[in-house]
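Report on the structure given below.
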2 protein chains.
Amino acid sequence: LKNEKINEFRHTFLDLHPSDQLDIFISLNQDARAKVYSYLSPEEFANVFSGLDIREQKLYFLELAEEYSSTMFNYMFTDNVVTFLAEINTERADAILANMDKDKARHVKRLLSYAEETAGSIMTKELIRISSTEKVSNVLERLREEAPTAEIIYYLYVTNVNQELVGVVSLRDLIVASPEETIENIMSKKVISVEEDLDQEDVGHTIKKYDFLAVPVVSKENHLLGIITVDDIMDILEEEATEDFEELSATKGSTDIDLSGYETAKMRGPWIIALMFLGMLTAGVIGYFEETLEAVVLLSVFIPLIMDSAGNVGTQSLTVAVRGLALGNIKQGGFWRMIKRELTAGFLLGLVCMVSITVLISVIYGNWILAVIVGVSLLCTLTVSTVVGFIVPLIINKLKFDPAIASGPFITTVNDILGLVIYFSIATALMHLL
Amino acid sequence: LKNEKINEFRHTFLDLHPSDQLDIFISLNQDARAKVYSYLSPEEFANVFSGLDIREQKLYFLELAEEYSSTMFNYMFTDNVVTFLAEINTERADAILANMDKDKARHVKRLLSYAEETAGSIMTKELIRISSTEKVSNVLERLREEAPTAEIIYYLYVTNVNQELVGVVSLRDLIVASPEETIENIMSKKVISVEEDLDQEDVGHTIKKYDFLAVPVVSKENHLLGIITVDDIMDILEEEATEDFEELSATKGSTDIDLSGYETAKMRGPWIIALMFLGMLTAGVIGYFEETLEAVVLLSVFIPLIMDSAGNVGTQSLTVAVRGLALGNIKQGGFWRMIKRELTAGFLLGLVCMVSITVLISVIYGNWILAVIVGVSLLCTLTVSTVVGFIVPLIINKLKFDPAIASGPFITTVNDILGLVIYFSIATALMHLL
């Protein structure tokens, strides 16, 4: 780039894997980027632009001439164009669409109308359709022409005259088959597809379950609309996992490692402050039992023990629930069985903790009534907390609310309050024995 | 199955997608399974067996006749055979290997010798090698024969006479190319490969970064050894994510939804009990400051607030660290920058919390000195806890210990102790003012 050797740069750069092209492009300064735009055709740069994440796309888009960018959009896969346009002002998006190739613009508009995170909104239109009456040799011939424009050519979807999806042929089958065979005889008729409004996470489960490289998207009438490829699904599964992590720790959006200290504080802050105010409630609980506490100050020594234990079992159950929901393991009907399981687990854990802590406190503090109070409190708290940690995310999920409300710290605080109420109630009841 | 109509069953069953075959097979009882074994050839059943998870494989393996199972292993991909044999007694594994096809057994033995979770241990040997001097038409011809035995045929790896990996051709390139072209002219020489001892998680990052369907595995001398396909990588990335979830919540192994209440209690129990004993330390901290507490019982009211806040910011930082490590975002050199970032974030959060809690407590409890004690404690605790939550998993990772030690509840307990020490130290120092 420094020596202005256009041809040499083009040759070296275009020979790289797209992902490495990206790494280089991102490391450039504005002047160097301007050179890249002039050295590469819009078609060539379309590849680089598609690979950028949305934040970078927005930054660099404004450096592109209007004509250059509209040509570039024509060469991008529809799903990538959609991702970009969905994030900018509608008027601006319309202006861009108006400059684009008409057919492409129509496809993009259709995809833009899907609700976020559905199969329709992440599918791409660049796929290869074949007819069941074609011959293998014929299809291979067509593939030669169409391959460069399709996102994936390893599955060929077979449609009938009504554009209904009736079968699928893998490129492997096609290669192995005799050239004179008709598609109908080698296609698999049991083609697995997803409907356009299916949640993207469920699309991910389908692709994972069947070890597919791509899955076709169909309308309610079984019309073939587009495909979703495994590489997009991997990104989506990663995003969903990140969301679950954020849910478990109330860090919404702040797991991005590039944020500054101030930015991350701003993102985590609302949670911490909200939880702190909730913590005032916990303070209120203790305040309510102040008389009990004043009579037996020693009781306060075990506040952390009760709280931590309640929080820990709650977090465990929460994780099992969140992970189960993400992997699609929690099925209809299994709900009550699992509540029972958590209840059993919580009770058993409580029993073991009760016995050991009662012995321990009797020995260390020489006060067996205090030991029994703490022990019984632990038994009750652990049983309740386990169920709460498990059931709250499931209920929130069933009610279709944003599950981020059931974040780990929130459930921990709820369990703390429950634990302390149980502890002080038992202590107050048995205080006259102390 | 009930009507003993062999042909009908074979036809319907074998026409299904392997994943649906699995679902059916798992739902059968022992008698029905025995029929499946007799209706299907070992070659056909190999597919079903490969799809089972390891626990089910162990259960059903014993229902198979010895000869049937050795034939079956010959028809499975090496990576699947390895996964099974790695989990059973070495002597038994050797006996099975002795009955297998010699070539296959040799491959399997080689793979078994790799350390767990490395690229070598998860790769498969069934790939298509071509030479750079071959013609396109020639390769397509060979593909017709070899396609059924290869795990993936969409990338063809090019080796020279020394078996060194020198290029890659996608089936797409091959289809588009003229039949008379030689491979050398259409192959990409910049082939991205992974070394045999690379960690499987890093293999996953490579495949994800480049949107590959498979990646070749090479030895230190660049000899082509095998390939790893995207479907195996998806399973591995899911496993690794599950491990991280377990780490965050101390639920090692118990996120499996099929466990009974007793089993899950047994798995989660050790953590809960260990943490409870650690909680006795927290009790000790409060016990140490009992005099202070007896003088001002009101101090105990804010114990939960301090603990929860410390735990919450710690969990947030821990999540950022764990997720950053998993996604490979935390790079060399960025370490100190990120510590600084967490320190800044913790301090800012602490500042906001200090101001709001000081006002709140002054108003509610009408005691501004108490308010200042709690506020300043929060500032110190939040700053320290943020850094602790972030730094501990990174240090453990650097020391190559099992990061599960840095589980969320453990860090929460550590932060609780730090928080309480800070709180009571400040309170004791300023007590004479109260």
Side-chain angles (χ1 to χ4, degrees), chain A residues 17 19 143-144 147 153-154 171-172 175-176 208-211 213 230-231 234 241 245 248-249 251 255 257 261 264-265 268-269 272 275-276 279 282-283 286-287 293-294 297 300-305 307-309 312-313 315-316 319-320 323-324 329 341 344-345 348-349 352-353 409 413 416, chain B residues 17 19 143-144 147 153-154 171-172 175-176 208-211 213 230-231 234 241 245 248-249 251 255 257 261 264-265 268-269 272 275-276 279 282-283 286-287 293-294 297 300-305 307-309 312-313 315-316 319-320 323-324 329 341 344-345 348-349 352-353 409 413 416:
Chain A
H17 189 279
S19 169
L143 262 188
R144 268 191 202 113
I153 64 160
Y154 303 125
L171 189 49
R172 184 195 290 243
I175 297 271
V176 174
K208 244 189 67 55
K209 180 178 172 196
Y210 292 105
D211 287 344
L213 301 180
V230 67
D231 51 308
M234 285 182 82
F245 275 104
L248 275 179
S249 62
T251 46
T255 46
I257 223 77
T264 181
R268 300 185 205 167
I272 293 302
L275 290 165
M276 190 185 69
T282 329
I286 299 188
L293 253 184
E294 257 172 31
V297 176
S300 68
V301 165
F302 300 104
I303 292 176
L305 188 83
M307 282 175 59
D308 277 339
S309 299
N312 291 341
V313 295
T315 307
Q316 287 184 333
T319 306
V320 175
R323 198 67 190 142
N329 291 336
R341 182 189 84 155
T344 315
L348 289 173
L349 285 174
V352 176
C353 286
T413 306
D416 286 350
Chain B
H17 190 278
S19 170
L143 261 188
R144 262 183 212 120
I153 65 159
Y154 303 124
L171 189 49
R172 183 195 289 244
I175 296 271
V176 174
K208 245 188 66 57
K209 179 178 173 195
Y210 292 106
D211 286 343
L213 301 178
V230 67
D231 51 310
M234 284 181 82
F245 275 104
L248 275 180
S249 62
T251 46
T255 45
I257 223 77
T264 181
R268 301 185 205 167
I272 295 301
L275 290 164
M276 193 185 66
T282 329
I286 300 189
L293 253 184
E294 257 172 30
V297 174
S300 69
V301 165
F302 300 104
I303 292 177
L305 188 83
M307 281 174 60
D308 277 339
S309 300
N312 291 341
V313 295
T315 306
Q316 287 184 333
T319 306
V320 175
R323 197 67 191 142
N329 291 337
R341 183 189 83 154
T344 314
L348 288 173
L349 285 175
V352 175
C353 285
T413 306
D416 286 349

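These numbers come from a predicted model, not from an experiment. Naming convention: chains lettered A, B, ... in sequence-line order (proteins, then strands); numbering from 1 in each chain.
- Rounding to the nearest 0.5 angstrom, the gap separating the CG atom in A:D211 from the CE atom in B:M234 is 8.5 Å.
- The two atoms that bring A:P304 and B:T282 nearest to each other are CB-CG2, 3.4 Å, heavy atoms only.
- Heavy-atom distances place both the backbone and the side chain of B:L171 under 4.5 Å from chain A.
- Counting only distance, with no hydrogens or angles, the side chain of B:R268 and the backbone of A:V313 share no donor-acceptor pair below 3.5 Å.
- Each of B:P409, B:A345, B:G279 has some count of heavy-atom pairs under 4.5 Å with chain A, and the biggest count is that of B:A345.
- Taking each heavy atom of A:F245 and B:A241 in turn, the nearest pair found is CZ-O, 3.9 Å.
- Both the backbone and the side chain of A:I153 come within less than 4.5 Å of a heavy atom in chain B.
- Note: A:L293 CG to B:E294 CD = 11.5 Å, rounded to the nearest 0.5 Å.
- One finds the CG atom of B:L275 at 8.0 Å from the CG atom of A:D308 (value rounded to the nearest 0.5 Å).
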| Test side chain to side chain contact (heavy atoms under 4.5 Å, CB included) applied to B:T264 and A:V320, step by step | CA-CA 10 Å; B:T264 181; A:V320 175; 5.6 Å; no
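- Taking each heavy atom of A:S300 and B:S300 in turn, the nearest pair found is CB-CB, 4.0 Å.
- Ring pair B:H17/A:Y210 is perpendicular by interplanar angle, where above 60° counts as perpendicular and below 30° as parallel.
- Ranking A:V301, A:L305, A:L348 against chain B, the residue ahead of the rest is A:V301, based on heavy-atom pairs under 4.5 Å.
- For the set A:T315, A:T413, A:T344, A:D231, the entry with the most heavy-atom pairs within less than 4.5 Å of chain B is A:D231.
- Of all non-hydrogen atoms in B:L349 and A:A265, the two that sit nearest each other are CD2-O, 3.6 Å.
- Scanning both residues, B:N312 and A:I272, for their nearest heavy atoms gives CB-CD1, 3.6 Å.
- At least one side-chain heavy atom of A:Y154 sits under 4.5 Å from a side-chain heavy atom of B:L213.
- Considering only heavy-atom pairs separated by less than 4.5 Å from chain A, the leading option among B:G287, B:A283, B:S309 is B:A283.
- B:M276 touches chain A through backbone and side chain together, each having a heavy atom under 4.5 Å away.
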